[in-house]
Amino acid sequence: MPIKIAGIHQPNYLPWPGYFHKIMRSDVFIILDNVDFQQGNSKSITSRTKIKGANGETLLSVPVKHTEDKLLRNIQIDNSQTWAKKHIKSIQFSYTKAPYFKTYYPLMEKILLESCSGLFELNYRIIKEVCSILEIPTQLLVASEMQIEEEDRNLRIVKLCASAGANAYLCGKGGRSYMDENVFTDNGIEVMYTAFNPPEYPQLHGAFLPGLSVLDALMNTGKAGVCELIR
């Protein structure tokens, strides 16, 4: 039987290149929107990303409304704040001298200025747009639309993979700490691990900084550069 690989991840805001490396390595990629939004967690990047400006690393954060409903797909953006214009200005100031600024800035400006009420809506659109730019053919699915009700973390992933017709699950290296591989094996799902360690690429503003948004790589190296990077 041929291997069909599923990747699963929450929809992050302007994700780093490793996110798209995982999508590229998957035959189907499931956007996990029916889990709790980790607000206030310093490691949470669902509503935050990093870019690089003249003063170094800059954190861009999308403000969200406080609510008792913590499901990621129901998190609403606080559009009473002028966050979009601030992000656009930061992107403009950081990358106006980048080789591919004129190629990708208009699209980012358009996306950010269009009214999005939900965080998932915004992030999903950005992810789809970047996949389109990079010509990544992976099928994207949304977990909440698959109607899988399962509390156990491992079984939920198994059922999502099975629903997508996948017999292999591509997991980040951090998954080794919490995954029960026996659950996957018992259900006919092979577990594969990926560890993305991108090489350095040309950046503006001094020494190379890792872990930045894919936007940084796009502005500095263009489509061809990012495709080479994530491969």
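Keep in mind that this is a model prediction, so the values were computed, not measured. Numbering starts at 1 and runs along the sequence shown.
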Does the salt bridge (Lys or Arg N to Asp or Glu O under 4.0 Å) test come out yes or no for R125 and E121, once each step is laid out?
CA-CA 6 Å; R125 177 166 181 202; E121 176 190 357; over 6 Å; no
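- One hydrophobic cluster, built from ILVMFWY side chains closer than 4.5 Å, holds both M24 and Y19.
- Taking both residues in full, the closest heavy atoms of L212 and P17 are given as O-CD, 3.3 Å, listed atom of the first, atom of the second, then distance.
- The closest side-chain donor-acceptor pair between D216 and Y95 falls under 3.5 angstrom.
- When every heavy atom of I8 is checked against every heavy atom of C161, the shortest pair comes out as CD1-SG, 4.3 Å.
- Note on residues 54-63: pairs passing salt bridge (Lys or Arg N to Asp or Glu O under 4.0 Å), not counting sequence neighbours, are K50-E57.
- Remark: the backbone N or O of M219 is not paired with any side-chain donor or acceptor of Y105 at under 3.5 angstrom.
- Residues R231 and C227 form a side-chain contact, since some pair of their non-hydrogen atoms from C-beta on lies under 4.5 Å apart.
- Between N154 and V158 the shortest side-chain heavy-atom distance does not fall below 4.5 Å.
- Here the CD1 atom belonging to I157 is positioned 9.0 Å from the CG atom belonging to D152, to the nearest 0.5 angstrom.
- The closest donor-acceptor contact from the side chain of N79 to the backbone of C116 lies under 3.5 Å.
- A donor and an acceptor atom, one from each side chain of N74 and D69, are located under 3.5 Å apart.
- Atom CD1 of I88 is separated from atom CE of M108 by 8.5 Å, given to the nearest 0.5 angstrom.
- Formation of a donor-acceptor pair under 3.5 Å by the D33 side chain with backbone atoms of S144 is found in this model.
- Using a 4.5 Å heavy-atom threshold, the side chains of L14 and H87 count as separate.
- Put simply, L71 and V142 are part of two different groups of oily side chains (I, L, V, M, F, W, Y) that touch within less than 4.5 Å, one to the next.
- Atom OG of S94 and atom CG of L60 lie 7.5 Å apart (nearest 0.5 Å).
- Counted within 6.0 Å of OH on Y100, heavy atoms from surrounding residues, nucleotides or ligands total 12 or fewer; the atom is thus considered open.
- Within the 4.5 Å cutoff, side-chain heavy atoms of T221 are placed close to those of P202.
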Yes or no on side-chain contact (heavy atoms from CB on, under 4.5 Å) for I23 and I127, after CA distance, side-chain angles and deciding distance?
CA-CA 10 Å; I23 296 179; I127 291 165; 4.0 Å; yes
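- Residue-environment remark: NZ (K85) stays at or below the threshold of 12 foreign heavy atoms within 6.0 Å.
- Annotation: the span from S213 atom OG to I126 atom CD1 amounts to 8.5 Å, rounded to 0.5 Å.
- Between V183 and L155, some side-chain heavy-atom pair lies under the 4.5 Å cut-off.
- Under a cut-off of 6.0 angstrom, the local environment of CD in Q147 is sparse, with at most 12 non-hydrogen atoms contributed by other residues, nucleotides or ligands.
- Counting heavy atoms from C-beta on, the side chains of F120 and I31 come closer than 4.5 Å.
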I would like to know whether K22 and F29 meet side-chain contact (heavy atoms from CB on, under 4.5 Å); could you show each step before the answer?
CA-CA 8 Å; K22 192 173 183 181; F29 192 81; 4.0 Å; yes
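- Using a 4.5 Å heavy-atom threshold, the side chains of T46 and N12 count as touching.
- Scanning both residues, G206 and K52, for their nearest heavy atoms gives O-NZ, 3.2 Å.
- Ring geometry for Y13 versus W83: interplanar angle over 60°, hence perpendicular rather than tilted (30 to 60°).
- F93 and L215 fall into different hydrophobic clusters, defined by Ile, Leu, Val, Met, Phe, Trp and Tyr side-chain heavy atoms under 4.5 Å apart, directly or through other members.
- Under the 4.5 Å side-chain contact rule for hydrophobic residues, V191 and L170 do not share a cluster.
- Remark: K128 is positioned above the aromatic ring of Y124, its terminal NZ or CZ atom under 6.0 angstrom from the ring centre and at most 45 degrees off the axis.
- The shortest non-hydrogen separation linking P198 to L229 is CB-CD1, 4.0 Å.
- I189 and M192 are members of different hydrophobic clusters when ILVMFWY side chains are connected at heavy-atom separations under 4.5 Å.
- Of the possible polar contacts, one joining the K4 side chain to the A164 backbone as a donor-acceptor pair under 3.5 Å is found.
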Going through the distances and angles, do Q76 and T67 end up as a side-chain contact (heavy atoms from CB on, under 4.5 Å)?
CA-CA 9 Å; Q76 298 296 298; T67 173; over 6 Å; no
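- In this structure, I5 and R25 have side chains that are not in contact, with every pair of non-hydrogen atoms separated by 4.5 Å or more.
- Within a 6.0 Å radius of CD in Q81, other residues, nucleotides and ligands contribute more than 12 heavy atoms.
- Applying the 6.0 Å contact sphere to CG of N55 captures no more than 12 heavy atoms from other residues, nucleotides or ligands.
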side-chain contact (heavy atoms from CB on, under 4.5 Å), that's the test. Do D27 and T138 meet it? Break it down for me.
CA-CA 5 Å; D27 297 298; T138 303; 5.9 Å; no
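- Applying side chain to side chain contact (heavy atoms under 4.5 Å, CB included) to V226 and the options N220, V214, V130 leaves one that passes, V214.
- To the nearest 0.5 angstrom, L134 atom CG is 6.0 Å from L218 atom CG.
- Shown here for N123 and P11, the closest heavy-atom pair between the two residues is ND2-O, 2.7 Å.
- Enclosure of atom NZ in K70 by more than 12 non-hydrogen atoms of other residues, nucleotides or ligands within 6.0 angstrom is indicated.
- Interatomic distance, Q10 CD to D36 CG, rounded to the nearest 0.5 Å: 9.0 Å.
- The two residues Q139 and L141 come nearest to each other via the heavy atoms NE2-CD2, 3.5 Å.
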